[in-house]
Amino acid sequence: MESEQLFSRSYYRNSYNSITSASSDEELLDGAGVIMDFHTTEDDNLLDGDASPGSNYAMSNGGGVVSSSTHLLDLLEEPIPGVGTYDDFHTIDWVREKCKDRERHRKINSKKKESAWEFTKSLYDAWSGWLVVTLTGLASGALAGVIDIAADWMNDLKEGVCLSAMWFNHEQCCWGSNETTFAERDKCPQWNSWAELILGQAEGPGSYIMNYFMYTFWALSFAFLAVCLVKVFAPYACGSGIPEIKTILSGFIIRGYLGKWTLMIKTITLVLAVASGLSLGKEGPLVHVACCCGNIFSYLFPKYSKNEAKKREVLSAASAAGVSVAFGAPIGGVLFSLEEVSYYFPLKTLWRSFFAALVAAFVLRSINPFGNSRLVLFYVEYHTPWYLFELVPFILLGVFGGLWGAFFIRANIAWCRRRKSTRFGKYPVLEVITVAAITAIVAFPNPYTRQNTSELIKELFTDCGPLESSQLCQYRSQMNGTRAYSDVSSQPSTPGVYSAMWQLCLALIFKIVMTIFTFGLKVPSGLFIPSMLAYYHHDWFLFKEWCEVGADCITPGLYAMVGAAACLGGVTRMTVSLVVIVFELTGGLEYIVPLMAAVMTSKWVGDAFGREGIYEAHIRLNGYPFLDAKEEFTHTTLAREVMRPRRSDPPLAVLTQDDLTVEELQTIISETSYNGFPVIVSKESQRLVGFALRRDITIAIENARRKQEGIMLNSRVYFTQHAPTLPADSPRPLKLRSILDMSPFTVTDHTPMEIVVDIFRKLGLRQCLVTHNGRLLGIITKKDILRHMAQMANQDPESIMFN
């Protein structure tokens with residue numbers, strides 16, 4: 001606990017100055033209103049003690065409701081500067097935030113009939129929610145379009161350059177050429193490879209080596225630039241961001257994670273990371289980018305900037321917009337926000353999420369980054385019906401997806417844990433360069449690993465037809481026209497098909513291995529696309545022998561899509577939202593049953609090996625205080641077995657309601673590292689009065705010394721309504737009733753922990769006090785519950801808290 005005590009002393013020394021001097025950018029996630037957060041026991045500092053030395057503690061009453069509307073209005077009308085704001089790595093008080101919002105709403109409604117100006121303000125307040133999600137959708141769609149266009153151009157830059165227009169990618173460069181052929185539609189005089197530019201020759205060993213070298217050079221350059229930008233300017237811009245966003249939406253504060261710098265660097269480095277050829281996708285980070293937009297725009301509206309709970313409604317809508325532009329699936333984005341990331345999702349948020357996803361999709365469609373009038377490059381349409389016997393291979397795909405998901409989660413978490421516990425994790429730049437070098441060197445000889453991930457998915461999802469020039473569609477036929485492709489299953493394969501199958505099998509193994517080591521690097525790295533590559537490389541003709549000769553009853557691309565959904569479901573354990581996202585990609589409702597069968601099978605198989613998805617596993621690895629609503633608590637322990645203090649612990653630090661002096665109160669604060677103190681009537685009675693926050697007490701004392709005369713070290717401090725009887729020569733007493741929570745949540749010592757955990761989850765509490773016949777016994781915090789749950793699962797309870 002030495003580090004915690006050091007942090008506590010540092011906090012006390014710098015508390016008020018740190019609060020008043022924080023920059024606006026740092027407070028992007030740290031609401032400026034009258035907001036409370038809380039910590040209660042010394043052990044809670046395991047998480048919060050990792051904050052910077054200048055940070056401060058802020059605590060709240062476990063979600064307790066203010067005792068009367070008068071008390072809350074007094075607090076709002078005469079706030080003490082700094083009281084009630086949140087600090088880094090703290091959790092918001094959901095109940096207090098909702099109570100504060102209701103008071104604000106009542107105040108606006110009571111004034112709107114007084115004048116036209118007040119009526120206009122009430123209209124602005126009512127429409128601010130729709131305005132902020134509109135701005136979020138517009139920004140998310142625009143940034144997604146820019147990222148798609150830039151990533152495609154930089155990916156093609158590794159292979160060559162367009163001489164007629166440097167800003168054109170390979171496909172755009174050859175659009176206007178009259179010298180392309182059907183068989184070699186990607187070759188035109190305007191596009192030159194690096195070997196043609198440097199050596200002046202397009203074929204031969206020398207040109208191959210030069211192209212190989214330039215491909216690796218550009219891949220390493222993009223990866224190096226990305227990791228350096230992240231390390232120097234925005235460390236929070238790494239990873240997918242979804243585990244942290246889940247934690248933030250549950251009420252946790254990570255200051256700067258959704259700030260302006262993070263947005264800027266994440267957007268730039270996402271383009272660089274995707275263009276470097278690393279085994280990652282841009283779909284996950286797009287959710288982070290959209291949430292950054294939502295957080296920044298929420299500060300334009302006091303309704304959201306001063307209320308952290310309301311701000312999280314905007315972030316839920318922003319995450320829906322992020323998935324909408326990532327997959328071209330607005331409805332799937334809304335369901336993703338509801339099922340996967342949101343902690344609190346009222347009906348009003350559902351409507352606004354739908355609207356934000358709509359606006360974002362409309363903007364991206366207007367930009368048309370891929371030139372195909374679609375929101376994604378790999379949009380496909382299937383019209384062939386599926387048959388009942390195909391449910392068997394669909395379920396087998398689900399089994400494989402569940403097995404792959406369980407393997408990937410365990411392998412990736414093991415590698416990330418090793419990265420945290422060894423010296424290798426101290427050199428993120430070297431790790432990224434190493435992984436990028438291995439990826440580029442191994443990927444270049446194989447055309448399926450060399451090309452852009454989205455282009456590969458498009459090629460695998462698309463059925464063979466007369467307009468397809470892929471090696472996978474090279475069948476022997478004596479006929480020309482569409483008829484030769486109408487019964488493609490009966491046509492003999494060429495050596496090119498078998499060669500492509502071997503290359504795809506090698507690409508499968510390569511992607512499986514590299515994705516394990518890539519997800520978690522210090523660059524923006526999405527998970528969705530690599531998961532979608534995990535199986536369907538060898539689905540194409542696995543079941544073609546089942547069909548009669550001349551019958552086209554198997555749709556290879558459909559098996560690719562179902563296999564992708566199964567793998568993604570096995571990794572993330574998503575169900576409803578994943579099915580909707582995939583059928584929005586295919587544009588066909590008739591394939592919902594195969595998708596549902598595969599996704600549910602993959603979830604069941606994956607849950608047999610562990611109930612955590614990849615995002616929950618990373619949340620647990622990082623030690624975020626996240627109570628997963630999907631996790632069941634089935635143990636029969638009682639509140640007295642979990643509460644602090646335990647029998648071996650020192651007595652609970654408490655304050656009496658009218659017996660302490662300012663000096664004694666400051667001594668208690670300086671000698672302890674607790675973040676809040678129960679207030680009792682007296683040491684003899686132990687009757688509970690309320691709960692006072694450590695930081696609020698410190699700020700209130702400093703504010704009183706600056707603004708009130710006669711406050712001395714021996715001044716009496718009282719939390720009651722009326723001052724106690726004092727001698728005539730006593731200095732002026734200090735009243736701190738305004739910072740006292742008069743109604744903290746309490747449970748009895750015989751309350752089952754199953755009920756306590758339910759209360760914490762559904763009300764978003766940080767703490768509750770434990771009493772026996774009205775006498776204070778101890779306290780239970782959110783992190784006490786997390787430690788207890790880890791202990792019940794035979795895990796080390798001290799090893800999971802914010803590593």
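Residue numbers count from 1 along this sequence.
A salt bridge links Glu308 with Arg312: the distance from a Lys NZ or Arg NE/NH1/NH2 to an Asp or Glu carboxylate oxygen falls below 4.0 Å. Checked for salt-bridge contact, Glu313 and Lys310 meet the test: a charged N lies under 4.0 Å from a carboxylate O. Using a 4.0 Å cut-off between a side-chain N of Lys or Arg and a carboxylate O of Asp or Glu, Asp659 and Lys683 do not qualify as a salt bridge. Between Arg573 and Glu616, none of the side-chain N atoms (NZ, or NE/NH1/NH2) sits under 4.0 Å from a carboxylate O, so this pair counts as no salt bridge. Between Glu702 and Arg705 there is no salt bridge, since no side-chain nitrogen of the basic residue lies less than 4.0 Å from a carboxylate oxygen of the acidic one.
In the model, Lys266 has no side-chain atom that pairs as donor or acceptor with a side-chain atom of Tyr236 under 3.5 Å. Side-chain atoms of Ser319 and Ser337 form a donor-acceptor pair, as typed in the model, at a separation below 3.5 Å. With no hydrogens or angles considered, no side-chain donor-acceptor pair links Ser240 and His288 at under 3.5 Å. A side-chain N or O of Ser682 and one of Ser685 form a donor-acceptor pair less than 3.5 Å apart. Between the side chains of Asn622 and Lys420, at least one donor-acceptor pair of N or O atoms lies under 3.5 Å.
Looking at Asp649, its side chain does come within 3.5 Å of a backbone N or O of Arg646 through a donor-acceptor pair. The backbone N or O of Ser342 sits nowhere less than 3.5 Å from a side-chain atom of Lys246 that would complete a donor-acceptor pair. Here the side chain of Tyr343 pairs no donor or acceptor atom with the backbone of Gly764 at under 3.5 angstrom. Remark: side-chain polar atoms of Asp749 are not paired, donor with acceptor, to backbone N or O of His772 under 3.5 angstrom. Within the 3.5 Å criterion, the main-chain N or O of Ala414 finds no donor-acceptor partner in the side chain of Arg419. Without hydrogens or angle criteria, Thr751 side chain to Val756 main chain gives no donor-acceptor distance under 3.5 Å. For Trp94 (side chain) and Lys762 (main-chain N/O), no donor-acceptor pair under 3.5 Å exists by modelled atom type. For Ser715 (side chain) and Arg732 (main-chain N/O), a donor-acceptor pair under 3.5 Å exists by modelled atom type.
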As a quick check of understanding, evaluate salt bridge (Lys or Arg N to Asp or Glu O under 4.0 Å) for Arg96 and Asp741, giving each step before the final call.
CA-CA 10 Å; Arg96 175 65 65 88; Asp741 174 32; 3.6 Å; yes
Side chain to side chain contact (heavy atoms under 4.5 Å, CB included) between Ile780 and Met753, intermediate numbers included
CA-CA 10 Å; Ile780 298 176; Met753 279 305 297; 4.2 Å; yes
Apply salt bridge (Lys or Arg N to Asp or Glu O under 4.0 Å) to the pair Glu97 and Lys100, showing each step before the final yes or no.
CA-CA 5 Å; Glu97 295 293 283; Lys100 188 176 65 177; 3.5 Å; yes
Can you list the steps and then say if Gln666 with Thr698 is a side chain to side chain contact (heavy atoms under 4.5 Å, CB included)?
CA-CA 8 Å; Gln666 289 181 334; Thr698 303; over 6 Å; no
Quick one: do Leu769 and Leu776 satisfy side chain to side chain contact (heavy atoms under 4.5 Å, CB included)? Show the steps, please.
CA-CA 7 Å; Leu769 302 176; Leu776 178 66; 4.1 Å; yes
Assess whether side chain to side chain contact (heavy atoms under 4.5 Å, CB included) is satisfied between Val662 and Ile701, documenting all intermediate values.
CA-CA 8 Å; Val662 171; Ile701 292 175; 4.2 Å; yes
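Residue Lys522 qualifies as open at atom NZ: its count of foreign heavy atoms under 6.0 Å is 12 or below. Counted within 6.0 Å of CZ on Arg418, heavy atoms from surrounding residues, nucleotides or ligands total 12 or fewer; the atom is thus considered open. Counted within 6.0 Å of CE on Met792, heavy atoms from surrounding residues, nucleotides or ligands total more than 12; the atom is thus considered enclosed. More than 12 heavy atoms of other residues, nucleotides or ligands shown are found within 6.0 angstrom of NZ on Lys98. Applying the 6.0 Å contact sphere to CD of Glu632 captures no more than 12 heavy atoms from other residues, nucleotides or ligands.
Here the closest heavy-atom approach between residue Ser316 and residue Thr349 is recorded as CB-CG2, 3.8 Å. In terms of heavy atoms, Val314 sits closest to Gly294 at CG1-O, 3.6 Å.
Once rounded to the nearest 0.5 Å, the distance linking OH of Tyr674 with CD1 of Ile779 reads 10.5 Å.
Ring-plane geometry between Phe233 and Trp261 is classed as parallel, the angle between the planes falling under 30 degrees on a 0 to 90 degree scale with a further cut at 60.
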